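In this text, all values refer to a predicted model and were calculated from it rather than measured experimentally.
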Amino acid sequence: MTITITAFEKSPDRGKGLARDMRVRWALEEVGEPYEVRLVSFKTMREPRHLALQPFGQIPTYEEGDLALFESGAIVFHIAERHPGLLPAEANARARAIAWMFAALNTIEPPIFDRALATILERGEPWYEQRLQALETTIRKRLNDLSRRLGDADWLDGAFSAGDLLMVTVLLRLKGSQLLADYPNLAAYTARGEARPAYKRAFAAQLAVFTAAGTL
């Protein structure tokens, strides 16, 4: 059965690999599973066909046979459970890797994503600077803890796992910022993720969409 995922027809990130379909593409590349991509516009994301797959009108979605999933973390978890390479076989290590998946999405990502939105949607508001400062204070607290835990290790808990995959995609939103540069071990960690062949294949595939559409 062919796996089909959805992605933006014209992504706001302009091919930088920040849209959440990138996580799913990367996971599928890591486990060696072929997939097809159905591109959707912002208009079609609010139409009944897409809302039947993703009730909040977002991307990505995942279809395989009679299975339909939404939420990038849940999709990556499903892929990791079904195919070797993204979760350890040993039970305790597997549980820790899953914990890091949740940490990436529930602890690290929210203030980073809110900061990205604020710089776009709130820049002209009188409270913008105060809002940005508050978000960056929270982000630094999270990065302090993450940096201390990672130390000089290559990955969060032994071998590369789905926890690292999700964490790297979250940290990539800070790429090029002083926030990430202030933590050299996290900057290097993020670069190691980007250097993985599976990441490079996934990035090239999503970039090709925007290049072909002439949106860059």
Side-chain angles (χ1 to χ4, degrees), residues 1 3 5 17-35 58 60-114 138-175 179-180 182-203:
M1 292 179 287
I3 295 169
I5 68 171
L18 300 179
R20 291 186 173 100
D21 64 287
M22 182 63 189
R23 300 168 176 176
V24 179
R25 292 174 184 270
W26 187 5
L28 290 168
E29 292 289 352
E30 286 284 351
V31 301
E33 279 294 306
Y35 62 97
Q58 300 172 324
T61 60
Y62 174 103
E63 296 171 83
E64 185 179 15
D66 59 0
L67 174 66
L69 294 173
F70 63 98
E71 290 295 330
S72 61
I75 296 169
V76 171
F77 183 43
H78 172 75
I79 295 166
E81 281 204 308
R82 292 196 59 192
H83 306 281
L86 286 175
L87 287 176
E90 195 274 320
N92 287 349
R94 188 182 187 90
R96 291 193 301 270
I98 294 169
W100 279 115
M101 294 178 69
F102 279 83
L105 301 182
N106 293 347
T107 301
I108 305 297
E109 182 171 46
I112 292 176
F113 187 72
D114 286 348
T138 300
I139 292 169
R140 288 186 184 279
K141 288 179 180 177
R142 300 301 189 209
L143 296 185
N144 275 330
D145 294 338
L146 183 62
S147 175
R148 183 177 62 251
R149 180 57 181 264
L150 178 65
D152 60 1
D154 283 347
W155 307 112
L156 291 169
D157 194 290
F160 178 84
S161 76
D164 295 295
L165 185 152
L166 291 178
M167 190 67 77
V168 168
T169 63
V170 168
L171 293 178
L172 279 169
R173 285 194 175 273
L174 298 176
K175 184 178 179 181
L179 282 167
L180 188 59
D182 284 343
Y183 301 90
N185 66 333
L186 296 183
Y189 167 72
T190 304
R192 276 192 295 277
E194 290 181 283
R196 292 181 69 84
Y199 178 89
K200 291 181 178 180
R201 292 192 298 271
F203 184 88

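The minimum heavy-atom distance linking Arg23 with Leu166 is given by the pair CD-CD2, 3.8 Å.
The backbone N or O of Pro60 sits nowhere less than 3.5 Å from a side-chain atom of Arg20 that would complete a donor-acceptor pair.
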Enumerate, atom names and distances included, each donor-acceptor pair closer than 3.5 Å involving a side-chain atom of residues 148-156, sequence neighbours excluded.
residue	atom	partner	partner atom	Å
Arg148	NH1	Asp145	OD1	3.4
Arg148	NH2	Asp145	OD1	3.0

Would you list the atom pairs, donor with acceptor, under 3.5 Å between side chains in residues 193-200 and any protein atom, with sequence neighbours excluded?
residue	atom	partner	partner atom	Å
Glu194	OE2	Lys175	NZ	2.8
Arg196	NE	Glu30	OE2	2.8
Arg196	NH2	Glu30	OE1	3.1

Which side-chain N or O atoms in residues 76-91 pair as donor and acceptor under 3.5 Å with protein atoms at least two apart or in another chain?
residue	atom	partner	partner atom	Å
Arg82	NH1	Glu64	OE1	2.9
Glu90	OE1	Asn92	N	3.2
Glu90	OE1	Ala93	N	2.7
Glu90	OE2	Asn92	N	3.2

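Contact annotation: the side chain of Tyr189 approaches that of Asp164 to within less than 4.5 Å [non-hydrogen atoms, C-beta and beyond]. When side chains are defined from C-beta on, Leu172 counts as touching Val168, because their heavy atoms get closer than 4.5 Å. Counting only heavy atoms from C-beta outward, the side chains of Ile108 and Leu171 approach each other to under 4.5 Å. When side chains are defined from C-beta on, Leu28 counts as touching Ile5, because their heavy atoms get closer than 4.5 Å. Proximity of Gln58 to Glu71: side-chain heavy atoms (C-beta onward) are separated by under 4.5 Å at one or more points. Residues Ile3 and Glu63 fail the side-chain proximity criterion, which asks for heavy atoms closer than 4.5 Å. Within the 4.5 Å cutoff, the side chain of Leu165 has heavy atoms near those of the Phe160 side chain. Inter-residue side-chain proximity for Phe203 and Arg25 is flagged as unmet; no heavy-atom pair is nearer than 4.5 Å.
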Next on the checklist: Would Arg140 and Asp182 count as a side-chain contact (heavy atoms from CB on, under 4.5 Å) here? Give the steps.
Outcome noted: CA-CA 9 Å; Arg140 288 186 184 279; Asp182 284 343; 2.9 Å; yes
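Counting heavy-atom neighbours within 6.0 Å of Arg142 CZ, excluding the residue itself, gives a total of 12 or less.
Between the OG1 atom in Thr138 and the CG atom in Leu143 there is a gap of 10.5 Å [rounded to 0.5 Å]. Expressed to the nearest 0.5 Å, how far OG1 of Thr61 lies from CD1 of Ile75 amounts to 6.5 Å. Taken to the nearest 0.5 Å, the CE atom of Met167 stands 11.0 Å off from the CE atom of Met101. Between the CG atom of Leu69 and the OH atom of Tyr62 there is a distance of 7.0 Å, given to the nearest 0.5 Å. The structure places OH of Tyr183 at 10.5 Å from CG of Leu174, a figure rounded to the nearest 0.5 Å. Considering CE of Met22 and CH2 of Trp26, their distance stands at 7.0 Å, rounded to 0.5 Å.
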